[in-house]
Structure formats: C-alpha cells, structure tokens
Amino acid sequence: MDKDTLSELHRIFQDVQSKSDWKSALDTLFNSMRSSFVFDNVAIYLSDRQTRGLDVVYARAMGRGKAAEADAAWGESVANDVISNEHMVIHGPQKERTVKIE
C-alpha cells in the first residue's frame, strides 16, 4: 500500500473510532467506503443458533438503493443462504457469483 492510501485509512479509522456509538461508527465507515466501493445496501444480521432466525441489527441503503431503505428484508434471503450453506454470496449488476469459504 502506498503512503496516501495508508493515510486515508488512518483518517477513516480515527473518524470511526471517535463516534459515540457503534451505529454512528458504522454509518461513518460505510459512507467513507462508498467513494471507493460501489454498493447500494448494507445489512448486518445476528443469527440465533437455537432458532436459526435472523435479526437485522444494522441496515442502510445508499445510492441507487435508497428506494429500498424502509424495507430491510432485501438482504434476508442472502443472509439465510450464507448461514445455511456457509459460503459468501456476491451480487453484482450483471451476474451473481457464489464464493465458498473454506
């Protein structure tokens, strides 16, 4: 990594660390990532090992995904797939790729 990239990461992490709560910290982190990575929706789920149910603990819609902001269910089927099959799923605009984590 070059010096400019490391400096930018340092600045972002300092900004994230300065937030008073984890949700504000995640908002800051994902907003800063948006300039380098294109994504429209972010959801973080916690799973209940006994019921295998999912709870959304954080969700944000950005860019083209803002229309879906009120509906956090857009990621539930993907999260269930990841948990059930223990693999990562990446959705792109042209095709869907599945990457297994070993």
Side-chain angles (χ1 to χ4, degrees):
M1 247 184 256
D2 63 38
K3 185 177 178 180
D4 291 337
T5 301
L6 288 173
S7 294
E8 180 64 12
L9 287 172
H10 180 68
R11 185 197 62 73
I12 291 168
F13 292 139
Q14 281 185 319
D15 196 19
V16 168
Q17 189 177 23
S18 73
K19 301 304 174 194
S20 60
D21 62 273
W22 64 272
K23 287 184 180 181
S24 296
L26 287 174
D27 284 341
T28 299
L29 178 64
F30 291 124
N31 282 328
S32 67
M33 290 173 59
R34 190 75 165 81
S35 63
S36 299
F37 299 99
V38 177
F39 58 93
D40 295 323
N41 302 309
V42 175
I44 298 175
Y45 295 85
L46 288 179
S47 65
D48 184 325
R49 292 183 191 264
Q50 293 176 339
T51 66
R52 304 224 8 121
L54 295 174
D55 291 320
V56 177
V57 295
Y58 178 89
R60 288 292 176 265
M62 304 172 154
R64 298 172 297 182
K66 281 202 177 245
E69 190 161 16
D71 182 13
W74 35 250
E76 192 170 341
S77 65
V78 175
N80 278 319
D81 186 22
V82 168
I83 290 169
S84 297
N85 298 304
E86 298 180 348
H87 64 239
M88 180 173 27
V89 176
I90 301 171
H91 288 276
Q94 303 208 357
K95 63 181 178 179
E96 181 178 311
R97 295 183 315 173
T98 301
V99 180
K100 292 200 179 215
I101 299 174
E102 311 238 355

### Task
Measure from NZ or CZ of Arg60 to the centre of the six-membered ring of Tyr58 and say whether it is under 6.0 Å with the direction within 45° of the ring axis.
yes

#### Entry: Counterpart residues, ring pair (Phe, Tyr, Trp, His ring centres under 6.0 Å), relative to Phe13 (two or more places apart)
none

### Message
Rounded to the nearest 0.5 Å, what separates atom CG in Asp4 from atom OG in Ser7?
### Response
6.0 Å

### Task
Say whether, by atom type as modelled, one donor and one acceptor occur between the side chain of Asp21 and the main chain of Lys23 under 3.5 angstrom.
yes

### Message
For the CE atom of Met33 and the CG atom of Leu26, what is their distance to the nearest 0.5 Å?
### Response
10.5 Å

#### Entry: Residue that, paired with Ser32, satisfies side chain to side chain contact (heavy atoms under 4.5 Å, CB included) out of Asp27, Ile12, Val16
Ile12

### Message
Are the side chains of Ile44 and Trp22 in contact, using a 4.5 Å heavy-atom criterion?
### Response
no

### Partners meeting side chain to side chain donor-acceptor pair (under 3.5 Å) with Gln50 (sequence neighbours left out)
none

